[in-house]
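Nothing here was measured: the structure is a model prediction, and the numbers come from that model.
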Amino acid sequence: MSAYIEELLGVPASDFLADESIWDDLIHPDDRERSRLDYESYLGTGQPEAGEYRYVRADGRVVWVSDRSSTIRDERGEPLYIQGVMLDITPTKEAELRMQHLAHHDHLTGLPNRAMLEEHLVVAIARAKRLGSAVAVLFLDLDRFKPVNDVHGHDTGDEVLKQVAVRLKAAVRDADLVARQSGDEFIVLLTDIAPGVAGAHVEATIIAVVRRIESVLEQPLGLRVGDVRMRASIGWSVFPYDGDDARTCSGRPMSRCIGASGEHPSLTSLEHHA
């Protein structure tokens, strides 16, 4: 047992020799089953095992480890013991995860970006087709953002976008998704909506969300330059009424829109064409 293991995991090498179950105790709960299956596969095939797992050190810190195991055999090919090599890959893995996060999230607000929204929309529509439910994509355009950005500068504009992002997330369910498309444009994905008669429940659900969004945006944003109130024009597309795939629903122009008038066009006259 190498002293490196003690440095890596924060547990004396003697403890591992006295109780092999410590390995299972230290591996991250979310990686435990995968590690077990990899080890069983190794025992069954005899092929060297290589995996990347998270371990929880004795001090609570999580480290990423590259774990490689192979069987050492005697001259007759009989197994003598299993030799393992563990390497700390935490910096590399964390950099990789950061890159993955940036590829799917807006760097300013931390919200999912358009690419991640479309991935979730594909899954949501597939589920809706199975369950006979509806999916709504809401498009939001902040009406008063450009004057604020032009007069007070980009730093103030960035703060507006960050605060709006937080408020939009608070206005929807945890199961729904808020994404930033670009500039002052946001998209909200509402999933698993029961359609009701002629889409009546879909309409009611959308209008309720729109009202909550209007409510949170009406509250002044506390900025360094003073309080600012924002408003938004909001339109939406609905599966299965406006399209039967993710590309159509996410790229469709606003077929119904709520702007300064606050009017709520009816959904019930639309034909079901999915």
Do [X] and [Y] sit in the same hydrophobic cluster, where Ile, Leu, Val, Met, Phe, Trp and Tyr count as joined when their side-chain heavy atoms come under 4.5 Å apart?
X	Y	result
Val188	Val166	no
Val178	Ile207	yes
Leu108	Phe145	yes
Val62	Tyr53	no

Take Val172 and Val209 through the test side-chain contact (heavy atoms from CB on, under 4.5 Å) and record every step on the way to the result. CA-CA 7 Å; Val172 302; Val209 172; 4.1 Å; yes

Name all residues meeting the ring pair (Phe, Tyr, Trp, His ring centres under 6.0 Å) criterion together with His105; count only those two or more places apart in sequence or in a different chain, and write none if there are none.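 If we apply the ring pair (Phe, Tyr, Trp, His ring centres under 6.0 Å) test to His105, skipping adjacent residues, the hits are His101.
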
Checking Leu111 against Lys169 for the side-chain contact (heavy atoms from CB on, under 4.5 Å) test, could you report, in this order, the C-alpha distance in whole Å, the side-chain angles of both residues, the deciding distance, and whether it holds? CA-CA 9 Å; Leu111 292 176; Lys169 289 179 65 177; 3.5 Å; yes

Taking all non-hydrogen atoms of both residues, which atom of [X] and which atom of [Y] are closest, and how far apart?
X	Y	answer
Trp236	Phe139	CA-CD1, 4.1 Å
Trp64	Asp88	O-OD1, 3.3 Å
Arg32	Asp25	NH2-O, 3.6 Å
Ala171	Ile213	CB-CG1, 4.0 Å
Ala128	Ala134	CB-N, 4.5 Å
Asp227	Gly222	OD1-CA, 3.7 Å

Counting C-beta onward and ignoring hydrogens, is there a side-chain heavy-atom pair between [X] and [Y] closer than 4.5 Å?
X	Y	answer
Val11	Glu6	no
Arg144	Arg229	yes
Phe239	Lys129	yes
Thr191	Asp176	yes
Val210	Leu138	yes
Val137	Val238	no
Phe186	Leu168	yes
Leu121	Leu189	yes

Return the [atom1] to [atom2] distance between [X] and [Y], rounded to the nearest 0.5 Å.
X	Y	atom1	atom2	value
Ile206	Ile193	CD1	CD1	5.5 Å
Leu117	Gln181	CG	CD	8.5 Å
Asn149	Asp184	CG	CG	9.0 Å
Ile27	Tyr55	CD1	OH	4.0 Å
Asp174	Leu177	CG	CG	11.5 Å

Sub-3.5 Å donor-acceptor pair from the side chain of [X] to the main-chain atoms of [Y], do we have one?
X	Y	value
Asp106	Pro112	no
Thr205	His201	yes
Arg68	Val85	no
Arg57	Leu8	yes
Arg180	Gly183	yes
Arg167	Gln219	yes
Glu185	Leu140	no

Taking NZ, NE, NH1 and NH2 as the nitrogens, is one of them in [X] or [Y] under 4.0 Å from a carboxylate oxygen of the other?
X	Y	result
Glu52	Lys93	yes
Arg127	Asp192	yes
Arg231	Asp143	no

Test of understanding: with side chain to side chain contact (heavy atoms under 4.5 Å, CB included), list the residues that count as partners of Val148, not counting sequence neighbours.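 Testing Val148 for side chain to side chain contact (heavy atoms under 4.5 Å, CB included), a comparison that skips the adjacent residues, returns His152, Thr156, Val160, Val228.
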
Restricting to side chain to side chain contact (heavy atoms under 4.5 Å, CB included), what partner residues turn up for Arg224, sequence neighbours left out?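 Only Asp155 meet the side chain to side chain contact (heavy atoms under 4.5 Å, CB included) criterion with Arg224.
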
Is the closest side-chain donor-acceptor distance between Ser35 and Asp38 under 3.5 Å?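 Per modelled atom types, Ser35 and Asp38 side chains form no pair under 3.5 Å.
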
Just by distance, no angles: are the side chains of Asn113 and His104 close enough, under 3.5 Å, to form a donor-acceptor pair?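 Their side chains do not contain a donor-acceptor pair, so the 3.5 Å distance test is not met.
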
Between Ile187 and Arg114, is the side-chain contact (heavy atoms from CB on, under 4.5 Å) condition met? List the steps. CA-CA 8 Å; Ile187 301 178; Arg114 177 72 183 229; 3.6 Å; yes

Can you check side-chain contact (heavy atoms from CB on, under 4.5 Å) on Val65 and Ile89, steps first, answer last? CA-CA 5 Å; Val65 171; Ile89 59 169; 5.7 Å; no

